[in-house]
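Here's the structure, in structure tokens; my notes come after.
Atoms within each ligand, like the ligands themselves, are counted from 1 in listed order. Residue numbers run from 1 in the order of the sequence given. Side chains included, hydrogens not; waters and symmetry mates left out as well; all remaining heavy atoms used.
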Amino acid sequence: MTSPKLVTANKFTSFNKNTAYVIPVTKKADKLVIGQTGIETSELTKIDLQSVGVSAELESMVRLPAPNGATYALVGIGTNALTKTDLRNLGAASARKLSSFKDIVLGFETSDTDETAAVLEGAALGTYAHNAYKGLTKGVEIKLQTVTVVSAHKPSAAALNQIAVIAENVNLTRNLVNMPGRDLYPESLAKAVQSAAKGSGVTVQIWAEDRLTKEGLGGILGVGQGSSRGPRLVKLEYKPKVAKKHLALVGKGITFDTGGLSLKPSISMLGMNFDMTGAASVAAATIAIAKLQLPIKVTAWLCIAENMPSSTAQRPNDVIKARNGMTIEVLNTDAEGRLVLADGLSLASEAKPDYIVDVATLTGAVQIALGNQYAGIMGDQVAVDAIKSAADEVGEMVWQLPLDRKLRSLIDSDIADIANVKMGNTAGGTIIGGLFLNEFIGNRAKGETDDIKWVHMDIAATAHNEGAPYGVIPKGATGSYVRTLVALAKQLG
Ligand code: BES
Ligand code: ZN
Ligand code: ZN
């Protein structure tokens, strides 16, 4: 699936047959009115909008015939001033709902080139549908070829290229995450990332089991040992000539999480093919950062394994040793994300990067705490603030949870340096996950301080949308936070 061509037209000229024209609708003094738009709307003044079901509700849409065999699509824009995020969501919802047209023209008023870019970016992100596994039945067909915004504020060629690169890599994430575990396993995920990185300027190393053993990656090996499809570590590097900062990204890449011997109940196991979203997201962000030639060094570590129960699987009470030398008692094999990340964070720390961001579908608890639209973030305040501001910039939502050190003793182990869970205690599960990960940054486990600024993003509740699409979010894999990571790289670079 390719994204539609994105165009800006200075002025509306005429209605073209089979083309949809999106008209904003708002309310004034409790009456529906056509909003500011560059598109000709005189035909609409004859119509009582209320009586044909038009509404000002954000992202609502009613279609009416327009001159020349064209279609009007009246889209609600609410009653408040539109933010860049609103415009992006409106662009997305309009393009998605009109994706059976080849050409659409969006008449949202924009007051600068950034706002026009937001509408176009929305259209590019909103026109995604996952049809790869449809056989005899048809999925949602996206016929859209051109999206035009009528505005005098035309984004530069560089801005349009940035939208294309970002949409391409958000869609790369969505495509990988949507794949069933049968087809996406550690080796195939590693290879898919390698092939997506071709030509981007990112170098890719794939470490198979012999190398994992040599490097002492006991967390990734422990989680992966129950599967006939062995684990991998993928290292991505983007080193531009000029770079003041070094950003390390670490992603949880569990291609399927059965829970291992601490087996998940059937219902909780559904959707666990998306447990590699963190790895896909950091890979896609790194590729996008390289394609945009941002002046920052990025190293990404994808920690990839399949968590299966079998006679070779790790057992509860097993003790494994992570890359940094710390021994971990595995009390619950379903808390496997933190085990693979322990190695990834240790490796990332060795180069002493300025920032480490890890991205993981780590805990079901984050959904209880924050619902499905916020990623839980925690870590060093400077890094948390940096992610907050990057997420704000691109309209993605994050919420900080307190990394309360007093909870750390809950994961003391009787026999090893640390346990991976506190059995029987589900309180603050997301924070406990964060506290565990903190032990693998720099030499924090030894009580030493460092200059690394680390933030953990728990995306377990936002990686996948089980409901209807909204704004830039499709059904299924969302691809959320790839844009935040790229924005962070921009802000730091
Ligand atoms: N992959 C899951 C987290 C998850 C749960 C993601 C639900 C999306 C939806 C993770 O590996 C896991 O199983 N976590 C356990 C941790 C617990 C054993 C401390 C959980 O959340 O129950
Ligand atoms: Zn698990
Ligand atoms: Zn998991």
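Residue pairs meeting the salt bridge (Lys or Arg N to Asp or Glu O under 4.0 Å) criterion with at least one partner in residues 413-430, sequence neighbours excluded, are absent.
Here OG1 of Thr255 is found 9.5 Å from CG of Asn273. Values are rounded to the nearest 0.5 Å.
In terms of the side chain to side chain donor-acceptor pair (under 3.5 Å) criterion, Glu466 has no residue partners (sequence neighbours excluded).
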With the criterion set at N/O pairs under 3.5 Å, what does the list of contacts between the protein and ligand 1 look like, atom names and distances included?
residue	atom	partner	partner atom	Å
ligand 1	1 (N)	Lys252	NZ	3.4
ligand 1	1 (N)	Asp257	OD2	3.1
ligand 1	1 (N)	Asp275	OD1	2.9
ligand 1	1 (N)	Asp275	OD2	3.0
ligand 1	11 (O)	Lys252	NZ	3.1
ligand 1	11 (O)	Asp257	OD2	2.9
ligand 1	11 (O)	Asp334	O	3.0
ligand 1	11 (O)	Glu336	OE1	2.8
ligand 1	11 (O)	Glu336	OE2	3.0
ligand 1	13 (O)	Lys264	NZ	2.8
ligand 1	13 (O)	Asp334	O	3.0
ligand 1	13 (O)	Asp334	OD1	2.8
ligand 1	13 (O)	Asp334	OD2	3.1
ligand 1	14 (N)	Leu362	O	3.4
ligand 1	21 (O)	Gly364	N	2.7

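Residue-and-atom listing of protein N/O/S atoms under 2.8 Å from the Zn ion (ligand 2), sorted by chain and number: Asp257 OD2, Asp334 O, Asp334 OD1, Glu336 OE1.
Paired with Glu393 under the rule side-chain hydrogen bond (donor to acceptor under 3.5 Å, both in side chains), one option of Lys84, Lys490, Gln491 passes, and it is Lys84. Screening Arg338, Arg444, Arg408, Lys446 for a side-chain hydrogen bond (donor to acceptor under 3.5 Å, both in side chains) involving Glu439 leaves a single residue, Arg408.
Around atom CD of Gln381, more than 12 heavy atoms belonging to other residues, nucleotides or ligands sit under 6.0 Å away.
A donor and an acceptor atom, one from each side chain of Thr85 and Thr83, are nowhere located under 3.5 Å apart. For the 3.5 Å distance criterion, the side chains of Asn175 and Tyr128 qualify, holding a donor opposite an acceptor. A donor-acceptor contact closer than 3.5 angstrom links the side chains of Asp358 and His456.
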